Structure formats: C-alpha cells, structure tokens
Amino acid sequence: MSDALLEIEDYSGGFVGETGELAPVLHGVSYRLKTGVMTAVVGESGSGKSLVALSVLGIQPPAFERTGGRMLFRGVDLFGLDERAMRRVRGAEISMVFQDARAALNPVFTVGRQLADVWQLQHGGGRRAAMRQAIEALGRVSIPEPERRARQYPHEFSGGMAQRAMIAMASLICRPSLLILDEPTTGLDVTIQSDIMELIVELSHTRGLTTCLITHDLGVVAETCQEVVVMNAGRVVETGSAEAIFTRPADGYTQRLLSASQLVEAA
Amino acid sequence: MQDDPVLNRPLLQVRSLRKTFPVQGGRRLVAVDGVDLEIKAGETLALVGESGSGKSTVARCIVRLVEPTGGDVVIGGDSILGLQPSRLAGVYRRIQMVFQDPNASLNPRMSVRQVLEEPLSLHLYLLRSERAARVKELIEMVGLTPAHLDRYPHELSGGQRQRVGIARAIAVSPEIVILDEPTSSLDVSIRGQILDLLLELQERLNLAYLFITHDLQVVQHVADRVAVMYLGGIVETGPTGDLFADPKHPYTKALLSAAPVARWGVKRTRTRLSGEISSAIDPPDACRLAGRCPLVRPSCSASRPPLIDIGDGRAVACPVVIERISTC
C-alpha cells in the first residue's frame, strides 16, 4: 500500500436539496494515486470526477454532504483534519489547476504579484525575492519576456498563457507532492492544448510529481498517463494501466466511451 | 448532364467576404478577411480553425446575423447581401442554422411544439392540421417522440435539446444547413449519436451542410471537403481524405499534428508553430502566419498570399509550399 500517495476509499455523498433530503451522487468511490505516476480520472459530465477532486482539497460545494469514506494522504485521513491543518496541506502538499485559468486568477492583481504572494505564503522571505521566484517560474513555463509579463494583469494574458501561469503557481511556486489538474486544457485550442500537456508531463517528470489529470478527453490520456480511473454516474467502473484500458477495456461503459472517442478508424 | 451549368452551379457561394468590427481607439478588428467558399447540393463542407479564426463570423455573415463589411453571398444564384430585411425570409427558407449551445438557442419559455411551429407559421402557409402533422413528423425525424413536444427545454438533456435545434432547422425544408459547432457542448457518447442523425438527415433530405467545428475527428467523420481558416482567411482547402493524408500549408500541418488520438501507442510527429496567434486588430498586409511559421521568408511579410489552385480540387495560400510543389 505504501506506493500510493493518495488513497480514496469508499467515498460516498450527495447534495442536500431544499427540502433537506439527500440526493446521492457519489457511490463508494475508491481509487489510488501511485507516487510519481500520472493518473487520469476520465468520465463524462456528471460522472463525479471533479467533485471527488475538489473533495481532496476540502473545497467541495457547501451543499454536498459526505456520507462515508476516507481519503488517506500519506496514510493520514484528510477528512479527519481541522481547517487549520487542512490549510497546511493545500498548496504545500496538494495543489490544483482549474479549467478556466483566467477565472482562477484574481483580476485586480498582476500575475507576478499573485505568484509572489503565494511564494511568500508558502516559503516566507522578502517581497523582492518572492517576485524573483515568480519571474523565474513564468520563464520556466515558457512565457516569453517573463519580467514584462509578471507586471501584467490576467486579462492581458491569453487563455494558454494564463494556464501556463497557473501551472507555474501550482507546481513551481507551491512545490506540492500531488498536483491535481481539472480539465486543464479543455477551453484551449488544440495547438495550445498539446503544448500545455507537454509542459505538464515535463514538469511532472523533472519534479517527480504525483499527478492526477481529470479529463473527458481520452486522446490526451492515451499520450500522457500511465494509470486510468474510469468514472460513470458517481461510480468507479474500471481502473487499470493506460495500456490495459485502451487495448482491452473490461467494463461495458469503458468500451462505449472508448469507441465514442474513436470516431475515425485507426490509420 | 455533367456540364449543365445550372446543375453544377454551387448552391451557396461566398465571395471575398469581409467583416471588421470597430474596437477602441478607432482601430478595427478584422474577423473575416476575403473568404471565398462554395457548397454544392448535398455536400458537406467543413470550415475548421481555432478560436478567433473567424469561422463563426463567416456563418453569421452568410445568414446576415451580422452584416458583412464587404463581399457577396449568393444562394442559388441570388445575392442576399443587397436584400432588404423584409426579403430575407425567402432566403431563410433555403438556408437554416443550428447553433452550438442548444441551451442558449432555444427559448426557455417555449415548449418544443412552439419551437417547431414557429418557423412553419413564418415561412409556410399550412392548415392547422397540416402544421400539427408536420411537427409530429419533424420530432420523429430527429429521433424523439411526440411525447417530447409538450416539454420545455429545461426538461430535456443536452443531446435532446440539440435534436430539437436540428428539427427546427429542417422544419421549412431548407437546402443548406449551417451547423456551428453542433456537438462541441456535448459529451462524446452523445456526439456520435448527433453526428449519425445529421448524416442520416442529409441522405434523406439531400441537405448541404456548412459544418463549422474545431473537432478534427468530426471533420473526418462527416465532411466531403475541408476549408482551414486562420486569422480571418482560408489557408487551405481540399477533399477531406487528401487534406488529412497530406496537408500542405504549414498551419494545416500544425493543426492536424496537434490533435491527440484516443488510441494506445500512437506516436505523433508534430509540426510546431512558435508563439501564439497574433492580433486580428489592424493586421498588416502580410501572411497572418508569418510570425509563427517554420517556412517563413522575408517575402511573407510583403503581402498576404492568395489561395492558389494546386489541382485535384486543392488550393493552398502559401507561396513557399506552391514553389516546392511546382519544382518537384
């Protein structure tokens, strides 16, 4: 069991309606993220894949109520931590990249300032040193002219640039052991998407990150991930190595999802 | 028959279409910059490109949802850009549109029946009984049942809503349907069903489609011909199979090689472009790709290269590529 950085065990819960009754949406979700491995969680909208990921950071919607399960990070149940302890986990141990990077950045502060603030929060030190780290991180994710870009606001960034900045914040500034990416390339054009995925893979390798990629795009998964978790309607229907999932899917839903993603015959 | 000029005349012709939008500081955003397209009866032309390439603006100009700045759109021999708004109704009997987001394009306060009756009462003079029969026929044509007619959009799934959007578009028996990203907001399992429905309706009704999408798998699945757009202009056109097998323009190569494949063990060789898409605001008279292109040479910045026929129904807007082809 020691090769898993995060183990989700039998996680269940639902949304509380106006009348107070619980509509269950997660049904005994269990999967593991192996240390140093890139794992994909795939499924269509409503499968619960993002809800589970948000729960890892304790930022699930307020109307969601957990009815059971554990989430073991390095063997410690995250559900057992109080808010102060959880805050020490967020960012420093586990960080997350969201789908819409420009919405995730604060519009009234420069991008450099936001990265520098997070650096100071996580690692301390002076503002100048933090800004140097921010600029270095922006350069590291191939943002041209990082000094100038650091002084700009999020609206001056394109979607791809903003996502690079978010990846810089989540991986290089926070320096977590687990990086969760929730549909990181979904709003982006295909040429930009490929560049961002290459960046994510490269950073994961060089920093030895454990990475969890939440996506509906099996094309991205086939090229980047080693392990795959398939979710449907709040349940895990299949887990396995990427090669096994793509070449011999066992579950009927996985098979249908795969064939729906392969509109065009193999060349 | 083959040479009959009337029969071979394209159903839809777009000539030198141009659309600019004013932006702050008296500058202009050039969204569409001299686009030429032709679609024949029963044919599917895919217009592909990334966000900001102007593909949706082309669609909106064709049906005059936005007024073009210049150029012409000809449907069945009639120019529609000079028409008074009151005469446009006649055009809309021949050309209809399906939008990307069925949540936004269906009125939430109208039942499915009302949605489908509206175009019929606007365009066709039918008896009430005929109209009811047509609505029932339409809902069944798109794979739903008469029970769905009394529902409201919020009571339908995304896929069902898109089926209603398609039924509305074919209600008045148009010859051309413009499909603007019809599957982009749908899950992959629903995407396949909607595409199958569109192909079935095309066969049954001999529809011509202008299919606007960024999804290259969808293009390969449905299109006869492809036009690739980049920053307001078409950079390459050709039959789908040929264009995918042997893309000529550096942008087409980069676009096709960037798309990941949902299969195990597929290795892509990427053609890379440097940097990001340049601004469409007051662009210089130069190749739009010049700043990112691996084949760039000084003359690329001198003028914007035209789309040049290279035979076999293909055309490319790149003098470097054309020079290489002609010296082979």
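Keep in mind that what you see is a predicted model, and the values were worked out from it rather than measured. Hydrogens, waters and symmetry mates play no part in the numbers below; they use all other heavy atoms, side chains included. To find a chain, count down the sequence lines: A is the first, B the second, and so on, and within it residues start at 1.
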Which atom of A:Asp217 lies closest to which atom of B:Pro260, heavy atoms considered: OD2-CG, 4.5 Å
Within residues 11-28 of chain A, which positions have a heavy-atom distance to chain B below 4.5 Å? none
Whether B:Arg270 and A:Glu198 form a salt bridge (side-chain N of Lys/Arg under 4.0 Å from carboxylate O of Asp/Glu) is what I want to check. yes
Members of residues 158-172 of chain A whose heavy atoms come closer than 4.5 Å to chain B: A:Ser158, A:Gly160, A:Met161
Closest non-hydrogen atoms of B:Ser189 and A:Glu44, given as atom of the first, atom of the second and distance, are OG-OE2, 2.7 Å
Under 4.5 Å, heavy atom to heavy atom: which of residues 211-218 of chain B reach chain A? Give them by number, or say none. B:Gln217, B:Val218
Crowded around B:Lys253 NZ? As in, over 12 foreign heavy atoms under 6.0 Å? no
Below 4.5 Å, heavy-atom pairs only: which of A:Leu188, A:Leu257, A:Asp189, A:Ile192 has the largest tally toward chain B? A:Asp189
Which atom pair, heavy atoms only, marks the closest approach of A:Ser194 to B:Arg268? OG-NH1, 3.5 Å
Closer than 3.5 angstrom, by distance alone: can the side chain of B:Arg263 be matched with the main-chain N or O of A:Ala222 as a donor-acceptor pair? no
Quick one: closest heavy-atom pair of B:Val266 and A:Glu223, and the distance? O-OE2, 4.4 Å
What part of A:Val221 is in contact with chain B, defined as an atom under 4.5 angstrom from a non-hydrogen atom: side chain, backbone, both or neither? neither
When A:Ser259, A:Ala242, A:Gly219, A:Pro144 are compared by non-hydrogen pairs under 4.5 Å with chain B, the top option: A:Gly219
So which heavy atom on B:Ala254 is nearest to which on A:Thr191, and how close? O-CG2, 4.0 Å
Heavy-atom contacts under 4.5 Å, residues 43-55 of chain B to chain A: B:Glu50, B:Ser51
Chain B contact via A:Leu258 - which portion, at a heavy-atom distance below 4.5 Å: side chain
Part of B:Leu273 lying under 4.5 Å from any heavy atom of chain A: neither
In terms of heavy-atom contacts, B:Trp264 and A:Glu243 come closest through NE1-CG, 3.2 Å
Contact between A:Asp195 and B:Arg272 at the side-chain level, heavy atoms closer than 4.5 Å - yes or no? yes
